[in-house]
Structures are given as structure tokens and as C-alpha cells.
Amino acid sequence: MADNARAKRLADLIREVVAQKLQRGIKDPRLGTHVTITDTRVTGDLREATVFYTVYGDDEDRAAAAAGLESAKGVLRSAVGQAAGVKFTPTLSFVADALPDNARAIEDLLDKARMSDEKVREVSAGAEFAGGADPYKKPESDEDTDGTSDETDGDARA
């Protein structure tokens, strides 16, 4: 089993080689310049590599890019094998990265929270405190109003 540093170096190399090959070496119009390689992960035995990508465009562009990557898988794997110089070139699998969708969902939730905060600010603009400006109770003095203390003389027997 390979160490994690070697798997990380191989993953970085695969990411660079695949990105360069997509940019310069593959003439498939489905891939074009709107495919971005975001991350690559290699298993511990260096046999399988997962390449994460994003596509700028709509669902049709994403489907076309996925089909283009699947058809170019052999060419990309051979380019990785030439650049890596390892005994066994890892098999490549391409996965659409969910990061942009997650970021968009988080932005939508933050926008909803901002709108809700603005509504609360509008409603509370002319409101007053329910129990007065200072809702905390003040401590009473230690002595009672008649000047005697609460201590009992039952404990002082002589």
C-alpha cells in the first residue's frame, strides 16, 4: 500500500495533466473551455482516481460534458500514464463536483436570513420594551424596614 504523500502527489499530477489535455489536446466540442477540473483523489493502492469537475452552463452542457469526458477517458488515461511513469496507470472516473450547487444553496439560505432580519428590524422599529427599559430586578437592601435583622436567638444558649 502506498503512503498518503505519494497518493497526494499522484492526484495533483493527474489533475494537472487532465486539465492541460482538456485545454490543449482534446478537440471534442462538448468539452471546450467551460469544463474545470476542481479536485482529484487517488485510492491508497494507486489503482483508481476520481476526477471532480464543474461545467459552466446549464443541464444540457453538463450532460454533454459528462459524455465527452467518458469518451475521452482512454486518451486522458494514456496521457496520465506517460506523465506519471508508474507501473500501473490508475483508472479514471469523472464525477461532477457538487460544490457550486452547495454554494448556491448556502447563498440562497443566507439571502432568506437577511430578508427575515430586515423584516424583524422593520417590525421592531417603533416597539418599546415590555417590562421597561431595565428588565433586571435590583437587589434589596440587607436590613428590613423596621431595623431588625432576620437572625434568630435560638442558637445562642448559655
Side-chain angles (χ1 to χ4, degrees), residues 1-140:
M1 189 151 196
D3 60 347
N4 288 336
R6 185 172 179 198
K8 175 92 170 96
R9 284 193 312 266
L10 184 60
D12 291 341
L13 178 71
I14 291 171
R15 185 181 67 234
E16 291 175 16
V17 168
V18 168
Q20 287 176 358
K21 193 71 172 171
L22 285 176
Q23 186 179 17
R24 296 189 187 124
I26 304 223
K27 304 292 186 217
D28 193 344
R30 297 176 290 185
L31 299 175
T33 59
H34 54 275
V35 175
T36 303
I37 304 299
T38 56
D39 192 19
T40 306
R41 295 188 186 144
V42 178
T43 58
D45 60 357
L46 306 179
R47 296 286 184 167
E48 298 175 9
T50 305
V51 180
F52 294 93
Y53 67 95
T54 59
V55 179
Y56 183 73
D58 57 357
D59 290 335
E60 292 176 11
D61 292 334
R62 289 185 191 118
L69 286 170
E70 284 299 316
S71 69
K73 189 184 287 191
V75 174
L76 293 172
R77 185 173 181 218
S78 65
V80 167
Q82 289 174 355
V86 291
K87 187 174 186 179
F88 179 81
T89 303
T91 58
L92 301 177
S93 62
F94 294 96
V95 176
D97 199 355
L99 185 67
D101 295 332
N102 291 343
R104 192 173 311 117
I106 289 172
E107 285 296 323
D108 291 343
L109 290 173
L110 288 174
D111 288 340
K112 287 180 184 178
R114 284 185 201 106
M115 291 172 52
S116 175
D117 288 347
E118 188 61 35
K119 287 180 184 176
V120 168
R121 264 189 229 104
E122 289 174 3
V123 168
S124 66
E128 295 181 14
F129 294 107
D134 189 12
Y136 300 105
K137 292 183 179 180
K138 305 284 187 221
E140 296 183 18

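Positions are given from 1, in the same order as the sequence printed here.
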Minimum heavy-atom separation for [X] to [Y], with atom names?
X: T40; Y: I37; answer: OG1-CG2, 4.3 Å
X: R121; Y: E118; answer: NH1-OE1, 2.9 Å
X: A65; Y: L31; answer: O-CD2, 3.6 Å

Supply the atom-to-atom distance [X] [atom1] to [Y] [atom2], rounded to the nearest 0.5 angstrom.
X: L76; Y: Q20; atom1: CG; atom2: CD; result: 12.0 Å
X: T54; Y: Y56; atom1: OG1; atom2: OH; result: 11.5 Å
X: R62; Y: H34; atom1: CZ; atom2: NE2; result: 10.5 Å

Return the set of residues passing side-chain hydrogen bond (donor to acceptor under 3.5 Å, both in side chains) with D108 (not counting sequence neighbours), or none when no residue passes.
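For D108 there are no side-chain hydrogen bond (donor to acceptor under 3.5 Å, both in side chains) partners, ignoring immediate neighbours.
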Pairs under 3.5 angstrom only: tabulate donor-acceptor contacts from the side chains of residues 10-17 to other protein residues two or more places apart or in another chain.
| residue | atom | partner | partner atom | Å |
| --- | --- | --- | --- | --- |
| D12 | OD1 | K8 | NZ | 3.4 |
| D12 | OD1 | R15 | NH1 | 3.3 |

Can you list every pair that meets side chain to side chain donor-acceptor pair (under 3.5 Å) and has a residue in residues 71-81, with sequence neighbours left out?
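Those involving residues 71-81 are R30-S71, E70-K73.
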Just grab all the side chain to side chain donor-acceptor pair (under 3.5 Å) pairs involving residues 89-100, residues at least two apart or on different chains.
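Listed by first then second residue: T38-D97.
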Under the side chain to side chain contact (heavy atoms under 4.5 Å, CB included) rule, what do L92 and F94 come out as? Steps first, then yes or no, please.
CA-CA 7 Å; L92 301 177; F94 294 96; 4.3 Å; yes
Any side-chain heavy-atom pair from [X] and [Y] closer than 4.5 angstrom?
X: R41; Y: V95; answer: no
X: L22; Y: Y53; answer: no
X: T50; Y: F52; answer: yes

Please list, chain by chain and in numerical order, all residues satisfying side-chain contact (heavy atoms from CB on, under 4.5 Å) with D58, sequence neighbours excluded.
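In terms of side-chain contact (heavy atoms from CB on, under 4.5 Å), with neighbours along the sequence ignored, D58 is linked to E60, D61.
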With a 4.0 Å cut-off on N to O distance, would you call E107 and R104 a salt bridge?
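The answer is no: the pair does not qualify as a salt bridge.
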List in chain and number order the residues that pass salt bridge (charged side-chain N to carboxylate O under 4.0 Å, His left out) with D117, two or more places apart in sequence or in another chain; answer none if no residue qualifies.
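D117 satisfies salt bridge (charged side-chain N to carboxylate O under 4.0 Å, His left out) with no other residue.
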